[in-house]
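Note that the structure is predicted; figures quoted are calculated from it, not measured. We're numbering straight along the sequence, starting at 1.
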Amino acid sequence: MASTALRNVKVPPNSASLEEARHRVFEFFREACRSLPTVMDIYNLYDVVTVSDLRSSISSQIRKNTHVTDPKVIDMLLFKGMEELRNVVEHSKQRHHIIGQYVVGRRAFEQEELGIKNQGTSTFLKNFYNTNYF
């Protein structure tokens with residue numbers, strides 16, 4: 001079942017232009033979205049997250065790199081994304097890895113953008129969190 005989901009995903013040659021690299025990113029996004037029902041079944045994520053939330057998580061990961069304009073760098077990021085998708089679909093990760101990276105990690109990122117994380121904490125804890133590395 002996992003091998004059929006990614007049968008068409010292969011490592012592409014280097015993109016000749018920015019437009020070609022952009023097209024490949026859209027193809028990767030489509031393939032990742034098509035594999036989400038398989039991922040939901042493999043990791044039994046129905047009680048934790050919806051397909052729409054995972055799709056939004058993938059989309060936000062891609063949008064983080066919209067500032068990149070070099071086709072070679074885009075190809076490298078695309079290769080990393082393909083490897084990550086292949087690892088997830090082939091069940092190379094465990095359920096808590098998926099939840100930590102794409103469910104809880106996404107929520108923490110959204111809270112950080114909105115400034116909700118430190119809201120309601122004491123100044124001592126704010127200073128403590130800012131000075132410790134973790």
Once rounded to the nearest 0.5 Å, what's the spacing between atom CZ of R86 and atom CZ of F79?
7.5 Å

Any donor-acceptor pair under 3.5 Å from D75 side chain to N14 backbone
no

Distance col, row I58:CD1 vs D53:CG, nearest 0.5 angstrom, shows 11.5 Å

What do the steps show when you test L85 against S35 for side-chain contact (heavy atoms from CB on, under 4.5 Å), and what is the final call?
CA-CA 9 Å; L85 180 61; S35 67; 3.4 Å; yes

R95 side chain vs N44 backbone, donor-acceptor pair below 3.5 Å:
yes

Side-chain touch Q61/E84, heavy atoms, less than 4.5 angstrom
no

On a heavy-atom basis, which atom in L78 and which in V25 lie closest, and how many Å separate them?
CD1-CA, 4.1 Å

Does any N or O in the side chain of Y43 come within less than 3.5 Å of the main-chain N or O of H97, such that one atom is a donor and the other an acceptor?
no

Between S56 and S52 (side chain of the first, backbone of the second, donor and acceptor by atom type, cut-off under 3.5 Å), is there such a pair?
yes

Please say whether more than 12 non-hydrogen atoms of neighbouring residues, nucleotides or ligands are located less than 6.0 Å from CZ in R22.
no

Between I98 and V103, is the side-chain contact (heavy atoms from CB on, under 4.5 Å) condition met? List the steps.
CA-CA 7 Å; I98 303 300; V103 179; 5.6 Å; no

With salt bridge (Lys or Arg N to Asp or Glu O under 4.0 Å) as the criterion, how do R24 and E31 come out once you've worked through the C-alpha distance, each side chain's angles and the decisive distance to 0.1 Å?
CA-CA 10 Å; R24 288 181 180 176; E31 191 63 35; over 6 Å; no

Determine, using the 4.5 Å side-chain heavy-atom cutoff (strictly less than), whether Y46 and V49 are members of one ILVMFWY cluster.
yes

